[in-house]
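Okay, structure first, notes after.
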Amino acid sequence: MSSSAAAVSLPTGFSVLTTFPDLLFIPEFVFGGLVWILVASTRVAYPLLQGWVMFVSVFCFTLSTLLMCLYFCGAHGGKSSWIAVDAFYHSVAALFYLSAAVLQAFATILAHAGGTLKIYQEDIAAVVFAFLATLMYVIHKGFSLLRWKSS
């Protein structure tokens, strides 16, 4: 790294909620939480498919919460290794959520004939929010990888 290049670091404290891409934690929580709630509130017609969706939504919600709390506390101490952890986590989360969104869409298509209209509409909403969560994680991943590359 040249001496004129600015050091890139992760935010601490409430600046986590004002810096990009870390600001994306908020929509990731909202969309991921909605997926979790919507899938949990419906009749699970395909436990293997929707079980993965539930695992991904709970896993990502929990790890995003942990990561954001660690950023708030400044646990990273400005170390560049945390930038790599951030990029790795968001890459895995984006891949997981993409798989979960596709599986939830498939389960919704399969369950359309056998369920009630209300459950079908909740499943469709879960699909939409799963793809929105995927989009948020992909954007966060892209900018985290750029931050990692420039660190």
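The first residue in the sequence is number 1, and the count goes up from there. Excluded from the calculations below are hydrogen atoms, water molecules and symmetry mates; all remaining heavy atoms, backbone and side chain alike, are included. Note that the structure is predicted; figures quoted are calculated from it, not measured.
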Evaluate the side chain to side chain contact (heavy atoms under 4.5 Å, CB included) criterion for residues Arg147 and Asp86: first the C-alpha distance (whole Å), next the side-chain angles of each, then the deciding distance (0.1 Å), finally the verdict.
CA-CA 10 Å; Arg147 178 168 48 195; Asp86 181 66; 3.0 Å; yes
Side chain to side chain contact (heavy atoms under 4.5 Å, CB included) partners of Thr62, counting only residues at least two apart
Val58
Kindly give the heavy-atom pair with the smallest separation between Tyr89 and Ser64, and that separation in Å.
OH-OG, 2.8 Å
Would a single hydrophobic cluster contain both Tyr97 and Met136, if residues Ile, Leu, Val, Met, Phe, Trp and Tyr are joined by side-chain heavy-atom contacts under 4.5 Å?
yes
Same apolar cluster (I L V M F W Y, side chains within < 4.5 Å links), Leu95/Phe129:
no
Could you measure the distance from the CD1 atom of Ile119 to the CD1 atom of Ile124? Nearest 0.5 Å is fine.
12.5 Å
Criterion side chain to side chain contact (heavy atoms under 4.5 Å, CB included) on Lys141 and Ser144, from CA distance to verdict
CA-CA 5 Å; Lys141 174 194 98 163; Ser144 291; 5.6 Å; no
Kindly indicate whether the side chain of Leu38, heavy atoms from C-beta on, has any atom under 4.5 Å from the side chain of Thr42.
no
Non-hydrogen atoms of Ala107 and Leu49 that approach each other most closely
CB-CD1, 4.0 Å
Would you say the side chain of Ile139 lies within less than 4.5 Å of the side chain of Pro21, judging by non-hydrogen atoms?
no
Sequence neighbours left out, what passes salt bridge (Lys or Arg N to Asp or Glu O under 4.0 Å) with Asp123? Give chain and number order.
none
Applying side chain to side chain contact (heavy atoms under 4.5 Å, CB included) to Leu63 and Leu67, what does each step give before you reach the verdict?
CA-CA 6 Å; Leu63 281 183; Leu67 198 57; over 6 Å; no
What residues, two or more places apart in sequence or in another chain, satisfy ring pair (Phe, Tyr, Trp, His ring centres under 6.0 Å) together with Phe143?
Phe20
Once you round to the nearest 0.5 Å, how far does CD1 of Ile83 lie from CG of Leu145?
12.0 Å
With clusters defined by side-chain heavy atoms of hydrophobic residues (ILVMFWY) lying less than 4.5 Å apart, directly or transitively, does Tyr120 cluster with Ile109?
no
Under a 4.5 Å side-chain heavy-atom rule over Ile, Leu, Val, Met, Phe, Trp and Tyr, are Val39 and Leu103 clustered together?
yes
Check Ala94 against Thr134 and note the closest heavy-atom contact, atom names and distance.
O-CG2, 4.1 Å
Residue list, salt bridge (Lys or Arg N to Asp or Glu O under 4.0 Å) with Lys118, at least two apart or on another chain:
Glu122
Residues 24-37, side-chain donor-acceptor partners within the protein, below 3.5 Å, at least two apart:
| from | atom 1 | to | atom 2 | distance (Å) |
| --- | --- | --- | --- | --- |
| Glu28 | OE2 | His140 | ND1 | 2.8 |

Let me confirm one number: the CZ-OH distance from Phe96 to Tyr137, rounded to the nearest 0.5 Å.
11.5 Å
Hits for ring pair (Phe, Tyr, Trp, His ring centres under 6.0 Å) against Phe55, two or more places apart or cross-chain, chain-then-number order -> Trp52, Phe59
Are Trp148 and Val92 grouped together when hydrophobic residues (ILVMFWY) are joined by side-chain heavy atoms under 4.5 angstrom apart?
yes
